[in-house]
Amino acid sequence: RFQQAEGNRLPRYVRVNTLKTTVEDVIDYLKREGFSYQGTARSLQDLSHLSGKAFVSDLHLQELLAFSTRMDFHDHFLYKAGHIILQDKASCLPAYLLNPPAGSHVIDACAAPGNKTSHLAAIMKNKGKLFAFDLDAKRLSTMSTLLLRAGVTCQQLANEDFLKVDPLGPEYKDVGHILLDPSCSGSGMVCLRNSSAEPQERDAGRLEALASFQLRCLNHALQFPSVQRVVYSTCSIHTEENEDVVSACLQQNPGFRLVNLLPEWPERGHAPLPQCLRASTAETLTHGFFVALLERRPSENEEEN
Ligand code: SAM
């Protein structure tokens with residue numbers, strides 16, 4: 001366990017935007033600026049000792065670089081030009097695990113401000129269709145700026161309630177992949193956890209309302225006729241918003257099952273869902289996070305083959 005990894009002791013993670021550049025080019029650029037590249041981390045321990053201008057490639061995600069906690073890239077050319085995205089490691093997991101192929105049709109159900117949307121577009125190589133919804137017009141407009149800077153072109157943004165999007169709409173008939181990252185308590189965010197939001201966030205009524213919204217969204221995602229894979233994520237540490245939502249959804253949708261995610265990942269979903277991932281400052285040097293991947297069960301005929 002990384003006892004001292006709380007608060008501002010997390011590594012600073014940078015995702016290379018492969019729509020605009022390559023990991024090699026970013027590493028070379030930074031080396032020319034005096035940064036010192038230490039190769040690929042072999043253990044999480046290697047991420048916890050970074051200091052000064054040292055940086056490493058992450059051991060789980062190829063396009064992720066990790067820097068010391070003090071590094072700030074907000075004014076850096078690579079960030080302003082959209083070559084790098086400042087995104088916590090845990091928040092890179094959903095798109096990476098959903099892994100939609102180039103040319104596929106994908107929905108990002110609660111998308112703004114769009115870091116996961118731009119990650120999906122990079123994985124899809126900007127080929128295919130990426131429908132992104134958000135209820136909040138202001139967040140959606142921030143998102144268009146972010147996507148423009150990141151060079152994303154395969155998106156279709158809509159200021160809509162995902163729960164009101166008709167799964168039988170002809171434009172969605174080929175949607176095979178859905179990323180669902182709905183509003184949650186945010187209890188996994190280190191900055192929130194240390195603030196006065198804590199006592200209130202445990203408020204049972206609020207959690208219950210969030211969990212019921214999350215379950216409705218997840219059930220809704222499974223209604224799209226061609227959907228094969230749905231990734232569900234939250235930045236909450238509460239079982240009510242994570243394992244409980246997924247368990248209830250699986251019970252109501254026996255045609256879907258969980259995919260066992262990254263066997264090498266150290267922190268698992270709470271019993272009875274070890275197939276899911278959890279993330280935390282203490283175990284994975286990230287913010288608190290939860291990810292589940294649901295897939296459609298093969299039909300009986302397919303299973304025979
Ligand atoms: N996936 C985003 C990212 O990585 O940048 C973060 C999403 S944030 C956790 C949840 C978002 O869901 C908020 O922007 C919120 O406005 C949006 N939202 C809440 N209810 C919604 C609904 N019914 N339909 C669509 N979006 C919704």
Side-chain angles (χ1 to χ4, degrees), residues 13-15 17 61 63-64 79 82 84-98 100 106-124 130-150 152 155-167 169 172 175 177-193 197 201 206-207 209-224 230-238 241-242 245 279 286-293:
Y13 294 102
V14 161
R15 176 168 65 77
N17 177 15
L61 300 165
E63 281 135 21
L64 201 67
Y79 172 66
I84 59 172
I85 313 279
L86 308 181
Q87 190 171 358
D88 182 55
K89 176 172 173 175
S91 128
C92 296
L93 290 171
Y96 169 76
L97 294 168
L98 188 64
V106 180
I107 286 179
D108 189 347
C110 297
N115 278 336
K116 297 183 188 76
T117 319
S118 92
H119 194 188
L120 286 169
I123 294 167
M124 295 160 69
L130 181 46
F131 301 98
F133 303 104
D134 204 282
L135 203 51
D136 184 326
K138 205 158 152 230
R139 284 170 70 93
L140 208 62
S141 104
T142 309
M143 173 162 170
S144 349
T145 314
L146 190 146
L147 295 186
L148 187 68
R149 192 170 59 198
V152 175
Q155 84 279 22
Q156 221 167 285
L157 301 193
N159 184 199
E160 268 182 62
D161 179 345
F162 174 61
L163 291 170
K164 295 196 178 134
V165 174
D166 178 8
Y172 311 122
V175 168
H177 296 72
I178 299 182
L179 187 149
L180 174 63
D181 183 43
S183 300
C184 71
S185 62
S187 54
M189 301 302 291
V190 171
C191 46
L192 280 187
R193 239 182 13 229
E201 115 212 329
R206 177 160 175 256
L207 273 191
L210 282 166
S212 130
F213 162 70
Q214 291 151 352
L215 178 58
R216 280 165 62 217
C217 286
L218 191 51
N219 280 335
H220 193 68
L222 301 189
Q223 303 311 308
F224 286 76
V230 175
V231 74
Y232 172 76
S233 60
T234 73
C235 56
S236 163
I237 56 173
H238 299 314
E241 298 180 90
N242 298 330
V245 167
T286 63
H287 288 280
F289 209 77
F290 173 84
V291 194
L293 181 61

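Counting starts at 1 for both ligands and their atoms, in listed order.
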Point to revise | Near ligand 1, at a heavy-atom separation below 4.0 Å: residues by chain and residue number | key: A109, C110, A111, A112, P113, G114, N115, K116, D134, L135, D136, R139, E160, D161, F162, D181, P182, S183, F213
Check your understanding: How would you list, by chain and number, every residue that makes a ring-ring contact (aromatic ring centres under 6.0 Å, His included) with Y13, sequence neighbours excluded?
Key -> none
Check your understanding: Any chance the side chains of S118 and R149 put a donor and an acceptor closer than 3.5 Å?
Key -> no
Check your understanding: Taking the inter-plane angle between the rings of F224 and F162 on a 0 to 90° scale, is it parallel (under 30°), tilted (30 to 60°) or perpendicular (over 60°)?
Key -> parallel
**Study point:** Donor-acceptor pair between S236 and T234 side chains, under 3.5 angstrom
**Key:** no
Pairs of donor and acceptor atoms involving the side chains of residues 91-98, under 3.5 Å and at least two apart or interchain, shall be tabulated with distances.
| from | atom 1 | to | atom 2 | distance (Å) |
| --- | --- | --- | --- | --- |
| S91 | OG | Q87 | NE2 | 3.0 |

May I have the list of side-chain donor-acceptor pairs in residues 209-218 shorter than 3.5 Å, sequence neighbours left out?
| from | atom 1 | to | atom 2 | distance (Å) |
| --- | --- | --- | --- | --- |
| Q214 | NE2 | S183 | O | 3.1 |
| Q214 | NE2 | E241 | OE1 | 3.0 |

